Amino acid sequence: MADGDYLRELFGLDELTAVVIGGTGTLGGSFCDALAGAGAHVLVVGRNDEHGQERVRCIRERGDSAEYFPCDATQREELDALVAHLKSAGRQANVLINGAGVNSPTPFLDISDEEWERILNVNLRGVRLACQVIGKDMLERGTKGSIINIASVSAGPPLSRVFTYSLSKAAVLSLTQNLAREWASKGIRVNALSPGFFPAEQNKKVLTPDRVENIMRHTPMARWPVRSCCSPRRKQAAS
């Protein structure tokens, strides 16, 4: 078996469509790679056209299926347009990953209303709207589906100084638990992932040298997770 085919063997997502909101980011992009490698057609959703198109190019060069869809998940009408786009192409969202997020290391007493609302808008409102719009479509079709919301280890014990971010991710966990109970009997699985620290463009200002040192002291392997922007091409893997 070629190195790139094991995901298909394990998960078999052929003929399914996965919508990855935040797919233009570091972590979201890795989700896109993995889902495409498992056979899904991936809709890379985000607001960075350059990153989105590059992600799609990487996936297609590997022999997998993907397309980019520009969308601001905090705007209901843009999510409605996303669902309409899928329907016009004869597709439906079988998997939804809510991975868009923003952050800031501002000390608590210095957090402005603008910063507070901006982070909650993306990290919480975006998840709520996507679950409402795309989740509603899943429910109305009466088919099984999977929604995965991206939380964070900072949603629990105070592991970092990112107050608004941590609060937003704790709310994502609560939303996920409630939706999981509400929709389980209807065939929609709702889960959350709580990743640790990943160095990325959106959090580089948070990762100051002293903070990185503290993080590594609590990281058994003393290194960042391996980052794979684009998996090896299938033809290369098979050779």
Side-chain angles (χ1 to χ4, degrees), residues 19-32 43-55 68-83 96-135 147-179 190 192-212 214-215:
V19 174
V20 183
I21 296 175
T24 55
T26 299
L27 196 55
S30 294
F31 295 148
C32 291
L43 198 66
V44 181
V45 179
R47 295 185 292 181
N48 188 313
D49 293 351
E50 181 182 355
H51 289 181
Q53 297 292 359
E54 175 62 16
R55 179 67 55 182
Y68 171 63
F69 189 86
C71 175
D72 181 349
T74 67
Q75 303 301 313
R76 185 183 295 273
E77 62 272 17
E78 295 194 25
L79 290 166
D80 287 334
L82 186 157
V83 172
L96 166 63
I97 294 184
N98 284 308
V102 293
N103 200 349
S104 177
T106 309
F108 180 73
L109 293 178
D110 296 329
I111 296 172
S112 66
D113 291 346
E114 185 278 330
E115 178 181 302
W116 176 272
E117 290 164 5
R118 175 178 60 87
I119 293 175
L120 288 178
N121 192 43
V122 174
N123 295 4
L124 183 56
R125 172 184 164 87
V127 173
R128 190 258 296 179
L129 287 179
C131 287
Q132 284 185 326
V133 173
I134 299 175
I147 297 174
I148 302 170
N149 298 324
I150 305 306
S152 169
V153 292
S154 67
L159 301 177
S160 62
R161 300 186 300 271
V162 285
F163 290 94
T164 316
Y165 179 86
S166 297
L167 180 145
S168 70
K169 292 302 185 178
V172 166
L173 284 179
S174 179
L175 174 65
T176 300
Q177 290 171 335
N178 280 278
L179 281 181
V190 187
L193 295 177
S194 294
F197 293 92
F198 283 76
E201 183 66 26
Q202 61 265 35
N203 67 1
K204 65 180 182 181
K205 65 180 180 180
V206 177
L207 298 175
T208 57
D210 63 318
R211 193 148 182 265
V212 170
N214 288 333
I215 291 170

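One is the number of the first residue; the rest follow in order along the sequence. No experiment lies behind these values; they were computed from the predicted model shown.
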How about [X] and [Y]: do any of their side-chain heavy atoms sit closer than 4.5 Å?
{"X": "Val172", "Y": "Ile150", "answer": "no"}
{"X": "His51", "Y": "Arg55", "answer": "no"}
{"X": "Ser104", "Y": "Thr164", "answer": "no"}
{"X": "Trp116", "Y": "Leu167", "answer": "yes"}
{"X": "Glu117", "Y": "Leu120", "answer": "no"}
{"X": "Cys131", "Y": "Asn149", "answer": "yes"}

Decide whether Thr106 and Glu115 meet the rule of one side-chain donor and one side-chain acceptor closer than 3.5 Å.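 Looking only at side-chain atoms, Glu115 and Thr106 do form a donor-acceptor pair, the distance falling under 3.5 Å.
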Indicate whether any N or O donor in one side chain lies under 3.5 Å from an N or O acceptor in the other, for Asn123 and Ser168.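 Yes, Ser168 and Asn123 have a side-chain donor paired with an acceptor closer than 3.5 Å.
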Identify, with sequence neighbours excluded, every residue that meets ring pair (Phe, Tyr, Trp, His ring centres under 6.0 Å) alongside Phe31.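 Testing Phe31 for ring pair (Phe, Tyr, Trp, His ring centres under 6.0 Å), a comparison that skips the adjacent residues, returns none.
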side-chain contact (heavy atoms from CB on, under 4.5 Å) with Leu43: which of Ile21, Val20, Leu82?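 Exactly one option meets the side-chain contact (heavy atoms from CB on, under 4.5 Å) with Leu43, and it is Leu82.
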Nearest 0.5 Å, please: how far is [atom2] in [Y] from [atom1] in [X]?
{"X": "Asp80", "Y": "Ile134", "atom1": "CG", "atom2": "CD1", "result": "9.5 Å"}
{"X": "Arg118", "Y": "Arg125", "atom1": "CZ", "atom2": "CZ", "result": "15.5 Å"}
{"X": "Asn121", "Y": "Asp72", "atom1": "CG", "atom2": "CG", "result": "7.5 Å"}
{"X": "Ile97", "Y": "Leu27", "atom1": "CD1", "atom2": "CG", "result": "9.0 Å"}

For residues [X] and [Y], report the shortest heavy-atom separation together with the two atoms involved.
{"X": "Tyr165", "Y": "Ser152", "answer": "CE2-OG, 3.7 Å"}
{"X": "Asn98", "Y": "Gly126", "answer": "OD1-O, 4.4 Å"}
{"X": "Pro195", "Y": "Ala151", "answer": "CD-O, 3.5 Å"}
{"X": "Ala155", "Y": "Leu173", "answer": "CB-CD1, 3.7 Å"}

Taking [X] for the side chain and [Y] for the main chain, is one N or O donor matched with an acceptor at less than 3.5 Å?
{"X": "Lys169", "Y": "Gly156", "answer": "no"}
{"X": "Ser166", "Y": "Ser154", "answer": "yes"}
{"X": "Tyr68", "Y": "Gly46", "answer": "yes"}

Over 12 non-hydrogen atoms of neighbours within 6.0 angstrom of [atom1] in [X]:
{"X": "Asp110", "atom1": "CG", "result": "yes"}
{"X": "Arg47", "atom1": "CZ", "result": "no"}
{"X": "Glu114", "atom1": "CD", "result": "yes"}

